[in-house]
Structures are given as C-alpha cells and as structure tokens.
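These numbers were taken from a predicted model, which means no experiment stands behind them. Proteins come first, then strands; the chains are lettered A, B, ... in the order of their sequence lines, and each starts at number 1.
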There are 2 protein chains.
Amino acid sequence: MTVRETSPRGRRAARPSGDDRELAILATAERLLGEKPLSAISVDDLARGAGISRPTFYFYFASKDAVLLSLLDRVVAEADAVSREAFDHPVSGPREGWGRVITAYYETFRAHRALTLAWAEARSSNAEIRRLWADVVESWVQRCTTAIEAERTRGAAPDGPPARDLAVVLASTNERVLYATFSGDGPALAETDVVDVLLEVWLRAIYGASPTD
Amino acid sequence: MTVRETSPRGRRAARPSGDDRELAILATAERLLGEKPLSAISVDDLARGAGISRPTFYFYFASKDAVLLSLLDRVVAEADAVSREAFDHPVSGPREGWGRVITAYYETFRAHRALTLAWAEARSSNAEIRRLWADVVESWVQRCTTAIEAERTRGAAPDGPPARDLAVVLASTNERVLYATFSGDGPALAETDVVDVLLEVWLRAIYGASPTD
DNA sequence: GCGTTTCTCGACACTCCGTCGGCTCGTTCG
DNA sequence: CGAACGAGCCGACGGAGTGTCGAGAAACGC
C-alpha cells in the first residue's frame, strides 16, 4: 500500500499516526457542534478535545473553518450522490418523482443537523464555505432546470418563468424552509409536515397555472 | 418641551449634546456596512468614525450588536407599515394584490441592502436579533394566512395545505430569494426579474392545482 | 548509529472586547 | 459665588482568542 493521498484540505502531509489525530479533531468538532454553536467553539476546545495543544492543532488544520470545511466536504459528497440517485430513479409520476427529490434533500441534512446549522453560521463570514455551498446549490439547480424543461417539452407542465428561475426559487425555498424547521427559530413547519407541504408547493409551481384575473 | 424619552435601546440616559454622538455612531455604522461586512467592523471603527474613543462608545451603546439592533428597529417599523398598507390596499384582482405585497417587501429591503445583509450575518450569533426577525416574519405570516384563507372562503383558491403552512413557505421563499439576489452569492435571480418570478410562484402556490398523476 | 522528517508545545505578538477610575466640563442650587 | 453634581470623555488594565516561531522529542530510512 503506497502513501495515501488525502484530500487537498486537511493536514499538510500524510503519515500514519497523525491520521488518528486528524480524525480525533474532526470527531471532536462534530461532537461539540451538537452541544453549542460554532461561534462558541474555540480552537483550544478542538485541540483539547483531540488531546493535543493548540499550536499542534495548526499542524493539522489551518483554522477552525478548515475543520468545518472538511466535515462539509463529506456531507456535500453524500448529498450529491443521493440527489443524483433521486433524479435518475425511474418514477411512475410527477408526485412520486419530485417527492423523492425533496425527501432525499430532507433526509441528508436532517441526518447532519448540527453541521447544517454550523454551515449557515459560517457562511456569512467565510468566503470558501460560501463558494462550496454555492456550488452545491448550482448543481442542484441545474438538475432541476433540466427536469422542469423535460416536463414542459413532454407537455406535462405549462410554460411560465424560465425553468432556471423557477429552479432557483424552489431550491431557495427548500433551503430556507428546512433550515427553519431544523433550527426551530422563527415561524417554521413541523418536521412531520415539511416534506408534504414543500412537495405540494413544488408541484403547483411547476405544473399549476396562475389565475388569469 | 420635556426630557425626550428615547427608546429602551440606545444610550443609558437622555441629554441633549450626546444625541449628536448617538446619531453619529448610527450613521457611521450604516456607512461602514456599505463598505465591509459586519464582522469586519470593530467597536473601535464605530467609535473613531463618530469622533470618540472606544470606551466612550460604551456610554452610548452596550455593544456593536446593539447599534445594529437600533438600526434594524427603524427598518422593521418601516417594513411593517409598508406591508400593512400593501395588504389593506383595495385591489382589482389576485395578481395585482399579491404583486403589491411582494413589491412592498422587495422595495423596503432593497432600500436598505447593506442593513439586510448585516442582519443576516448577525442573526446566527445574536439571540435578540433572531427574535426581532422572528417577530417580523410572524406578523407577516399571519397577514398572509388571513389573506389566503379569505381567498379560499370566497372560492377563488382551492384547498390544500393549511393556509399558515403555505404562508410560512412563501415567506421563507421571499426571504431567501431576495437575500440571494441582493447579496449576489450563489445562484440568484436578476433584480429586474425577481418580483415577477416570485409573484408567479406565489400565484401558482395559492391558486394553482397540483397534477393528479 | 545518524540524519531527516514528523510531530509537539511553550512562549510570543497581536487584535478585540468590556470595565474601572479619574478627569473635565457645564449646570444647579444653597 | 462657589461647592456639588452629573453628563461626557478617555487612559489603562485584564481577559479571551488567534496565529506564528523556534526549539525539542520521537520515529523512520539507510
């Protein structure tokens, strides 16, 4: 087995024993995020949690945000795989198809609730995290755009705003509604209802007609 | 003229000359927010911008966030007034009515773009700002809920998810879509299109039907 | 064994925050 | 008129974080 190539993010070089430490830092981060918000976690907390001193932390990660980024990379990869699968899966009708898509999105982020909330917190202050999320949404929007256009072409959906614009709006809707549901601040939907309501709004937005006045 | 009662927030006591300083701090904050994100603005920046020292700043405001809160109070009051007016205004049909509502929301926050972005940044770390925004959205959702129920009662809109759930989703949609448009990061709609697209989605969500499969 | 690389940390320099105690005024009142 | 008071102001301090530097320990390659 040759020297393992780790991802560009993470520690500076690759060697055995240090791997444990890197994992320990990541695990500590995920654990602490379940207890308190990102802003209340210091580099020192992460270091001590992983059994090392603060300067040593910097041997493995460039900053607190770099740890979060590492964590997010994993979730993003998972979300992307699940989403791709949801879009490719054969379906019997629009309701089942879009329901599958929304459910996939919902399940993935629900499984990593703490990380999802931390991401939202870090986004406002970190350009790299912003970019990572923008990429995720973009690929999501593209898939939706294609699907909407296909529905229009086959005559199942009426014309309306450009498919991409519609996709951007719907992706934004999911993002904000699910975030509210998971974080629980401000008006939000119950976890048991959120997928159903979102699905109904999606279906109406894509297949429904607006009143002619 | 008796001693002016200032709002509970703001400086600790009320006396003439200090008013200028308080205003100067608020003005400085608004100016700096147009140049850099909230996180890049220090208390020292605000103090120096207002021509005072850092300790003196604390004579007027308890923290940087308190300044933002003061600024937001104003915008919130304005937004609330405009929104109330939009809902009460007599209209000739659904498209005009809802269009008025969405436009009001859009114009208000566009006029205070920098503040809107700062609010989003502060929300994740400040419970009081979170609560303020939650209240704003709540009153917004209630107005929408009532309006949707009225449309259903008069037979103009079909049944569907609970009106309140629909209202929460639509309010969230506006929030996220407009934020993306104003901040410009991630997939977003052009400022020229955003109201039209949102309106179409709203109309379909409220008046449209979903496919029966 | 011995150099090289990995890993580790104590100590430092820096930024920002919030507070305390004392200074300077103008106003009030005896 | 002159003390007393309070609004307004700031220098200086202590504390919490951050990121870096340079020197030491431990493992490895030969």
For atom CG of B/Asn126 and atom P of C/dC17, their distance in whole Å: 14 Å

Pair A/Arg164 + A/Glu138: basic N to acidic O under 4.0 Å: yes

A/Arg100 bridged to A/Asp88 by N-O distance under 4.0 Å: no

Distance in angstrom units between A/Arg21 CZ and C/dT6 C1', rounded: 12 Å

Selected nucleotide, minimal atom distance to A/Val43 side chain, candidates D/dT18, D/dC10, C/dG10: D/dT18

Listed nucleotide nearest any side-chain atom of A/Thr56, set C/dC9, C/dC7, D/dT18: C/dC9

D/dG17 phosphate, OP1 or OP2, under 4.0 Å from A/Ser42 side-chain N/O: no

Parallel, tilted or perpendicular: rings of A/Trp133 and A/Trp119 (30°, 60°): tilted

Rounded distance (Å) that lies between atom C1' of D/dC13 and atom CZ of B/Arg54: 11 Å

Any A/Tyr60 side-chain N or O less than 4.0 Å from OP1/OP2 of C/dT8: yes

Flag for A/Tyr207-A/Trp98: side-chain donor and acceptor within less than 3.5 Å: yes

Nearest-angstrom distance from the residue atom CG of B/Asp44 to P of C/dC17: 8 Å

Atom-pair distance (CG on A/Asp20; C1' on C/dT8), nearest Å: 15 Å

N or O in side chain of B/Ser53 less than 4.0 angstrom from D/dC10 OP1/OP2: yes

Whole-Å gap separating P (D/dA16) and CG (A/Asp45): 13 Å

Between C1' of D/dG19 and CZ of A/Phe59, the distance in whole Å: 16 Å

Per A/Pro55 side chain, nearest of listed nucleotides C/dC9, D/dA7, C/dG18: C/dC9

Nearest-Å distance for atom pair CZ/C1', residues B/Phe57 and C/dC16: 13 Å

Distance-only side-chain donor-acceptor flag, A/Arg176 / B/Thr173, under 3.5 Å: no

